[in-house]
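Step one of this worksheet: look at the structure below.
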Amino acid sequence: MSTADSCSAAGVSVEIDDVQSGALRPRPVPYEGKFVFLRVDDRHAGRALLRRLLPVTSGGLPSVDRSQDAWVAVAFTYEGLRALGVPQESLDSFPRAFREGMAARAELIGDVGENAPAHWEAPFGTGEVHIALSALSSDAAQLDKELERARVALEDTPGVQVIWQQDVRQLPTGRTTFGFRDGISHPNIEGVGLPGSNPQEVPIKTGEFILGYPDETGNLPPMPSPEVLGRNGTYVAVRKIHTNVAAWRRYLRANSSSAEEEALLAAKMVGRWPSGAPLELSPEHDDPELAADPHRINSFLYRENDDRGFRCPAGSHIRRTNPRDATIIGDARMHRLIRRGTTYGPPLPEGVLEDDGADRGLVGVFIGAHLERQFEFIKAEWVNDGNFIGYPGEKDPVAGHHDGTGSVTIPEKPVRRRLRNLPSFVVTRGGEYCFLPGLRALRWLAELED
Amino acid sequence: MRGSASAVRIEIVRAMAPHVGALGDPRTDLWQENLAMTATPGATQPAYPEHPGRTDGVCNEFTVFTKIKPGEADALREDLAALADAADDERVHAAVRQIGTLHDARHVIFDNDTRFMFASVFDGSWDTYIDDFAKTVVGARFDQVFSHSEGFPGVSDPGVKDWFLAHQEPAGVFVSAYPDLTVQQIFKDQRVDKAFQEVLDTAEFRAALDNPANAELVATPAFQKLLGEAAA
């Protein structure tokens with residue numbers, strides 16, 4: 001699609017105040033947060049809880065008032081909608097991937113072996129996760145206040161059980177457990193009024209991220225019925241990913257001969273330096289000053305200056321998962337996601353190369369209007385295979401499951417470097433597909449009768 | 001429809017393995033051996049295994065049979081002729097390169113101009129990139145060609161995948177001569193071989209081989225393998 005086509009529908013009117021804040025809004029920095037899974041044993045109780053959660057749930061864009069800077073998002077699995085008594089006709093109108101759930105799609109998205117649902121942390125994949133709540137705030141006191149309101153709503157509602165909780169927070173370093181700043185990229189979405197993080201990105205059609213508006217194909221995304229339920233909703237893939245930080249550090253150490261080389265190798269695999277400065281703009285060394293500039297940190301494309309990946313390898317994590325304008329099979333705009341990674345667990349102390357047994361990693365949240373075309377496609381085609389960039393069989397060096405047999409190609413002159421026997425640095429601990437409805441739809445769910 | 005379609009499928013399978021025809025009798029040992037090779041264990045599986053179509057290694061076959069709208073066979077023939085226009089050859093192949101996963105494709109009008117077959121071989125499953133497909137330069141050509149088929153909703157219609165799946169007939173046998181090679185890998189292999197042959201044509205390369213300073217490299221098994229390919 002030409003640039004002109006992409007812009008021609010500018011001025012699309014989005015009912016932004018009906019879209020849950022949790023869907024579109026970049027997460028705060030720094031942040032503290034909590035994910036809570038609920039099981040609905042009684043549909044009337046479930047609806048009563050939703051009525052109490054409604055005032056806690058906000059829509060629209062971030063508040064300018066920092067004291068209001070917290071949000072609670074309420075999402076539902078297919079089983080959850082069923083438990084709430086959503087009519088079968090409506091349940092049947094949801095897309096197949098959502099109806100089946102992430103566990104049933106495990107093989108397709110590469111959650112096999114030690115990542116298979118059989119090894120997931122309960123209650124992931126059991127069908128018992130009905131409602132997923134998330135709360136994030138830049139302010140711990142504000143988060144506590146919001147959580148307290150949610151807790152009071154829950155305590156008044158027997159018939160709904162808390163079955164899983166996960167605290168997340170930004171580490172003091174401001175980086176993930178692997179030691180890299182994340183949460184940098186956010187798509188430029190037409191009509192939403194939030195700037196995208198890359199000033200060079202042509203706005204993406206609203207319907208790629210919110211139901212009820214045309215998407216990049218020119219059609220409305222498949223939407224559940226009735227319209228009040230689907231409109232202004234979106235889908236969320238939630239995943240708990242354990243990170244094997246010691247294995248990551250050991251692999252880097254074993255495959256380099258100096259601290260500088262080690263840092264460069266890590267950056268080549270990620271695509272960014274620890275500060276977040278992209279290799280594309282700073283190929284030789286980290287550049288914290290560049291990373292601190294929100295106008296520059298994400299302002300780059302691949303094709304013109306780095307088509308073959310001498311700066312940022314085509315196989316690196318950030319280039320695979322968001323190829324921008326890079327030469328690839330297919331059209332990158334058809335597979336864009338809102339990503340919201342959050343960190344859990346204690347950091348592995350600096351310099352430690354042996355695993356301490358602690359559980360650490362990230363709770364990843366992947367938001368978009370098309371589970372199959374976005375999350376599942378990216379996982380199956382871009383993370384788990386390299387054909388689209390001309391390296392068939394090579395996986396994402398950071399996010400792929402390698403099982404000790406992976407390889408990664410790093411373009412270099414005169415001869416490319418190819419690392420072999422890559423171990424897995426991440427393990428899937430579980431995941432769920434959720435529907436994140438608009439606020440009117442939440443009210444509709446809360447007021448279901450029978 | 002299914003009865004005659006399976007008869008057509010045999011022709012497709014034969015067309016995919018021209019070496020069998022060259023041997024004169026399709027029931028040779030080679031053919032029997034190929035019958036067992038309908039899938040390669042351990043190869044990358046297509047992302048959407050629930051959809052029909054056989055795989056061999058990294059490749060997947062895709063064949064659809066449609067009914068031509070009454071009276072439109074000639075119009076379809078003209079569209080196909082335009083598509084095959086030699087003057088347009090470069091653009092067509094550029095388009096196929098843009099798709100990046102298509103090994104080959106054929107369009108066939110049969111049954112006295114009443115029916116139409118499209119058959120192709122892709123890396124991974126056909127529908128993995130179908131959403132992107134409408135946006136490639138061949139998307140519009142595809143749209144034009146299939147517009148002569150009854151019920152075709154249009155290549156960018158949300159229901160187009162379902163329409164294709166409803167008209168798809170999986171092959172009885174599907175076999176590839178190079179089950180481990182994707183289109184991208186084949187392109188790469190072509191580039192590497194061309195560059196390698198150019199090196200062999202230089203006098204400097206021959207001199208470097210004879211130079212005692214390079215003896216250690218030349219003696220390595222990896223380099224000897226390369227020389228094995230250079231020998232003929």
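Residue numbering restarts at 1 for every chain, and letters A, B, ... go by the order of the sequence lines. What's counted below: heavy atoms across the whole structure, side chains too, no hydrogens, waters or symmetry copies.
Not one N or O on the side chain of Asn219(A) forms a donor-acceptor pair closer than 3.5 Å with the backbone of Asp157(B).
Heavy atoms of Phe388(A) lying under 4.5 Å from chain B belong to its backbone as well as its side chain. No part of His370(A) comes within reach of chain B, as not one of its non-hydrogen atoms sits under 4.5 angstrom from that chain.
Counting heavy atoms of neighbouring residues, nucleotides and ligands inside a 6.0 Å radius, atom NZ of Lys69(B) exceeds 12 of them. Atom CD of Glu216(B) has 12 or fewer heavy atoms from other residues, nucleotides or ligands within 6.0 Å. More than 12 heavy atoms of other residues, nucleotides or ligands sit less than 6.0 Å from atom CZ of Arg417(A). More than 12 heavy-atom neighbours from other residues, nucleotides or ligands sit within 6.0 angstrom of CZ on Arg303(A). More than 12 heavy atoms of other residues, nucleotides or ligands sit less than 6.0 Å from atom CD of Gln197(B).
Considering every non-hydrogen atom in both Ile329(A) and Ile99(B), the closest pair reads CG2-O, 3.1 Å. Taking both residues in full, the closest heavy atoms of Pro392(A) and Gln185(B) are given as CD-OE1, 3.0 Å, listed atom of the first, atom of the second, then distance.
To the nearest 0.5 Å, the span separating CD on Glu372(A) from OG1 on Thr128(B) amounts to 10.5 Å. Taking CG of Asn387(A) as the reference point, atom OG1 of Thr182(B) lies at 4.0 Å (rounded to 0.5 Å). Annotation: the span from Ser156(B) atom OG to Glu216(A) atom CD amounts to 13.0 Å, rounded to 0.5 Å.
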What side-chain donor-acceptor pairs closer than 3.5 Å can you find for residues 217-232 of chain B, not counting sequence neighbours?
from, atom 1, to, atom 2, distance (Å)
Thr220(B), OG1, Leu217(B), O, 2.7
Thr220(B), OG1, Phe223(B), N, 3.3
Gln224(B), NE2, Val218(B), O, 2.7

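Contact of the Glu381(A) side chain with the Tyr129(B) side chain is registered, since non-hydrogen atoms from C-beta on lie closer than 4.5 Å.
Among residues two or more places apart in sequence or in another chain, the salt bridge (charged side-chain N to carboxylate O under 4.0 Å, His left out) test is passed with Asp132(B) by none.
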